[in-house]
Structure formats: C-alpha cells, structure tokens
Amino acid sequence: MRHFLNLSDAGADGIAAMLADAIDRKAARAGWTKGRPDADAPLAGHVLACVFEKNSTRTRVSFDMAIRQLGGTSIVMDAGSMQLGRGESIADTARVLSGYVDAIMIRTDDHAKVEEMARHATVPVINGLTDASHPCQIMADLLTIIESGRSLPGLKVAWLGDGNNVLASIVEAAALMQFDVVAACPQGFAPEEEAITAASGRARVVADPREAVEGADIVVTDTWISMGQAHAETKLAALAPYQVDSALMALAKPDAKFLHCLPAHRGEEVTEEVIDGPQSLIWPEAENRLHAQKSILRWCFGQLG
C-alpha cells in the first residue's frame, strides 16, 4: 500500500511517472467540461475521504474534482463537524474511515497527525498539507514548470521569504529531481538546517534576496503569515525586504517565471505588477493542483510507477 506523505515516498521515478501522466491526462481533456470523467475512468467505484482541519480552497476543490474526473466520488469533511473535532483520536478515525472509503486525504497542522493516520489506516493516505510539508503543491509546481518549456535537471529556483512547509517540499524535490534552490530568508525564519543538508548540495540559504534571484529560472514566494501564526507584525517587519517586485525579478533570467501557491497578499510578499504580470504562472499553477493530484491518486492505487 502506498501513502503520499512526502515527495520521497514516491521517489524520483514515481514523481516522473506522475508528471508524465498528468501532462497526458490534461491534454486528453482539452475542451471538455470539468465534470466529465476521463475516458478510461481509472478509479471508477473508488471513494476518497477528504478531511480538513485547516481552511482550504484549492486543496478542497481540486481533490474533490480529481477523484470525480477519475471516475470516483468523494466525501468532504471538516474536522469540526466530525468526532475528530470532539477528541476522537487520529488512530481511531483512520481505522473507521478505512472501513468506509478507499483513500484518505487529510489537511492538518502537525505532520505527526498525517504519519499517525498512515500508520493506522488500511487504505492510502495523502498529505494535503501539514506545517512541515506540502508535497501536493510542489507536484503542481513541477508540472507548471515543465509546461513552461523547462527541464527540471539543472534548473535554478529562487525562494523569497519564510522558510516554511512549501519551501521544505521544494528542497525535497530539488534533491530528487536534480535542480537547485537558493532560498533568501531573514534571520529567525530560515528552514530547518537538516532539510537543507538532506538536499545533498542542491539547496542553500542566503540572507540577500538579490543573491537568491540572480540568474534564476523560477522565482517563488508564499504568504508570509500562515494560518494560526502569532506575532504577525514582527514577522512582517522581518520579511519586508524580501518582497518580490519588478526590480528583483529583473535580476532573474529574462524568461524567468513567477510562482505563488496562493492565497496571495498583494503588496506584502509580492507586488501586483509581478503577480499579475506576464511572467506570472499562478493561474496555470493553481489549475495544475487538479491535474497533479489525479496522478497522485493513481500512483497511490498502484496504477503508476
């Protein structure tokens, strides 16, 4: 049984297989209505449980539509409306849901919850986001980069801002898919050193945002204040010099592209002229959550890789 808690669960070969499948399936649907199942409906009869302990737009809708397009159905639940919200354990929830559905996607805070879910579930478990990693988002980002005409090996990706869960998964992807990440983060907001070390020389952290962006193929940032974070004013002040604006983008390659996993706060981590400008790929990136997650589901059921 396959769980998808981090990118390393699939490995480089699994990621490559999922990306190739996502490209093919997306192309095959050109011009179709969104609710029409794929021609082969490879997950017909399967049910996906989507459990949310955090607010969501893209993860919620993309996973719901992903299983529908693959021929299956979903049950979408907020933890507050489940017994999970009244103190039932993750382990017991995993055991119960495993008797009802064919796979579980959970979006939560503590990564240990996803790991516990996987330990006790008898069906595949997918990490829809934790405070430690966001592998589904990065699969969509890799798909978007490839669609822009770039090959992953040898790519330079610049990250600006907080050393958060999204960066952790980008760094993990860099080691697996052989591209480089230079992250510019202020003191006190850098990623865990062990995450950088695990990238086997493919990632480094710098203080100067200009150094990170110089010659970059892809420039990435994220919302500075994540859900539930305290001390926002202090953090915003520390991150202000790391805003992605036109002057910073000018230091990247002339054909560099901008990514942001959304939601965005224009005027904080990025200016309007960048996020809404010609170098921005945020809308294809958002749509690609759907296409990437269809292939993640297929991988989890042993249909790929």
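This is a predicted model, so every value here is computed, not measured.
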Backbone N or O of P263 within a donor-acceptor pair of the T223 side chain at under 3.5 Å?
yes
Quick check: do I296 and M18 have side-chain heavy atoms less than 4.5 Å from each other?
yes
Under the criterion salt bridge (Lys or Arg N to Asp or Glu O under 4.0 Å), I'd like the reasoning laid out for D217 against K257: C-alpha separation, chi angles, the key distance, then a yes or no.
CA-CA 7 Å; D217 298 281; K257 300 299 181 183; over 6 Å; no
Quick one: does any side-chain atom of D92 pair with a main-chain N or O of E88 as donor and acceptor, under 3.5 Å?
no
Using 4.0 Å as the upper bound for N to carboxylate O, is an ion pair formed by D180 and R202?
yes
Pair D255, K253 - check salt bridge (Lys or Arg N to Asp or Glu O under 4.0 Å), show working.
CA-CA 5 Å; D255 62 347; K253 288 182 179 177; over 6 Å; no
Indicate whether the side chain of T271 and that of D245 have a donor and an acceptor atom separated by less than 3.5 Å.
no
Can you list the residues that meet the ring-ring contact (aromatic ring centres under 6.0 Å, His included) rule with F301, with sequence neighbours excluded?
H46
Please tell me if the side chains of V51 and L97 come closer than 4.5 Å, counting only heavy atoms from C-beta onward.
yes
Do the side chains of D109 and T130 get nearer than 4.5 Å, heavy atoms only?
no
Any heavy-atom pair between the side chains of L262 and I282 that's under 4.5 Å?
yes
Please report the C-alpha distance between I67 and K294 in whole Å, then the side-chain angles of each, then the deciding distance to 0.1 Å, and finally whether the side-chain contact (heavy atoms from CB on, under 4.5 Å) criterion is met.
CA-CA 7 Å; I67 189 68; K294 289 170 66 177; over 6 Å; no
Just checking, any donor-acceptor pair under 3.5 angstrom between side chains of E269 and H260?
yes
Counting N and O atoms only, with roles assigned by atom type, does the side chain of T144 sit under 3.5 Å from a partner on the main chain of A140, one being a donor and the other an acceptor?
yes
What's the separation between atom CD1 in I126 and atom CZ in F4, rounded to the nearest 0.5 Å?
8.0 Å
Which heavy-atom pair separates A174 from V181 by the least distance, and what is that distance?
CB-CG2, 3.7 Å
Taking it one step at a time, do W159 and T221 satisfy side-chain contact (heavy atoms from CB on, under 4.5 Å)?
CA-CA 6 Å; W159 171 272; T221 191; 5.7 Å; no
Is L7 linked to I196 within one hydrophobic cluster, defined over Ile, Leu, Val, Met, Phe, Trp and Tyr using a side-chain heavy-atom separation of less than 4.5 Å?
yes
Heavy-atom side-chain proximity of L155 to M177 below 4.5 angstrom
no
Indicate whether any N or O donor in one side chain lies under 3.5 Å from an N or O acceptor in the other, for T73 and R68.
no
Starting at CG of L297, measure out to OG of S74 and round the result to the nearest 0.5 Å.
10.5 Å
Is the shortest heavy-atom distance from the side chain of V219 to the side chain of L259 under 4.5 Å?
no
Test Q69 against R25 for side-chain contact (heavy atoms from CB on, under 4.5 Å), laying out the working first.
CA-CA 10 Å; Q69 289 188 3; R25 286 188 173 271; over 6 Å; no
Nearest atoms (heavy-atom pairs only) where V213 meets K156
C-NZ, 4.4 Å
H3 side chain to P124 backbone, donor-acceptor under 3.5 Å
no
Nearest 0.5 Å, please: how far is OG in S89 from NE2 in H120?
7.5 Å
Taking a hydrophobic cluster as the set of Ile, Leu, Val, Met, Phe, Trp and Tyr residues connected by side-chain heavy atoms closer than 4.5 Å, whether directly or through intermediates, do L176 and L167 fall within one such cluster?
yes
Give the cluster check for F179 versus V166: same hydrophobic cluster or not, with ILVMFWY residues linked at side-chain heavy-atom distances below 4.5 Å.
yes
Show the nearest heavy-atom pair for residues A252 and A216, with the distance to one decimal.
CB-O, 3.5 Å
What verdict does the side-chain contact (heavy atoms from CB on, under 4.5 Å) test give for K235 and D162, after you've listed the backbone C-alpha separation in whole Å, the side-chain angles of each residue and the deciding distance to 0.1 Å?
CA-CA 9 Å; K235 188 174 185 182; D162 189 16; 2.6 Å; yes
E211 meets the salt bridge (charged side-chain N to carboxylate O under 4.0 Å, His left out) criterion, sequence neighbours left out, with R204
Side-chain donor-acceptor contact under 3.5 Å, D21 with Q303:
no
Going hydrophobic residue to hydrophobic residue with side-chain gaps under 4.5 angstrom, can you get from L48 over to M139?
yes
Consider only side-chain N and O atoms of S8 and E172, and report whether a donor and an acceptor are under 3.5 Å apart.
yes
Side chain T197, main chain E194, donor-acceptor under 3.5 Å:
no
Minimum heavy-atom distance between C136 and F63, given as atom pair plus value:
SG-CZ, 3.8 Å
Could you grab the distance from atom CG of L160 to atom CZ of R210, nearest 0.5 Å is fine?
12.0 Å
Test item: Q83 and T93 side chains (from C-beta on) under 4.5 Å apart, heavy atoms:
no
W299 with I146, same ILVMFWY side-chain cluster at under 4.5 Å:
yes
Is the count of non-hydrogen atoms from other residues, nucleotides or ligands lying under 6.0 Å from E192 atom CD greater than 12?
no
Going by the salt bridge (Lys or Arg N to Asp or Glu O under 4.0 Å) test, name the single residue among R107, K113, K54 that passes it with D131.
K54
In short, P209 meets P241 closest at the heavy-atom pair CG-O, 3.7 Å
Output yes when a side-chain donor or acceptor of Y100 lies under 3.5 Å from a complementary backbone atom of A49, and no otherwise.
no
If you look at every heavy atom in H111 and S133, which pair is closest and at what distance?
CE1-OG, 3.4 Å
If you draw a 6.0 Å radius around CG in D13, do more than 12 non-hydrogen atoms from other residues or ligands fall strictly inside?
no
Output yes when a side-chain donor or acceptor of Q243 lies under 3.5 Å from a complementary backbone atom of E268, and no otherwise.
yes
Between L129 and the options I106, T108, N165, the side-chain contact (heavy atoms from CB on, under 4.5 Å) test singles out N165
Within this structure, what is the CG-CG distance for the pair L19 and L143, rounded to the nearest 0.5 Å?
6.0 Å
Using modelled atom types and a 3.5 Å cut-off, is there a donor and acceptor pairing between side-chain atoms of R86 and backbone atoms of S81?
no
Test salt bridge (Lys or Arg N to Asp or Glu O under 4.0 Å) on R298 and D38 and set out the steps.
CA-CA 13 Å; R298 292 196 67 216; D38 288 357; over 6 Å; no
Side-chain (R95) to main-chain (G99) donor-acceptor, under 3.5 angstrom:
no
Should R289 and D141 count as an ion pair when the cut-off is N to O under 4.0 Å?
no
Nearest-0.5 Å distance that lies between atom CG in N127 and atom CE in M117
11.0 Å
How about S148 and L281: do any of their side-chain heavy atoms sit closer than 4.5 Å?
yes
Can a donor-acceptor pair be found, under 3.5 Å and without considering hydrogens, that links the side chain of S98 to the backbone of T122?
yes
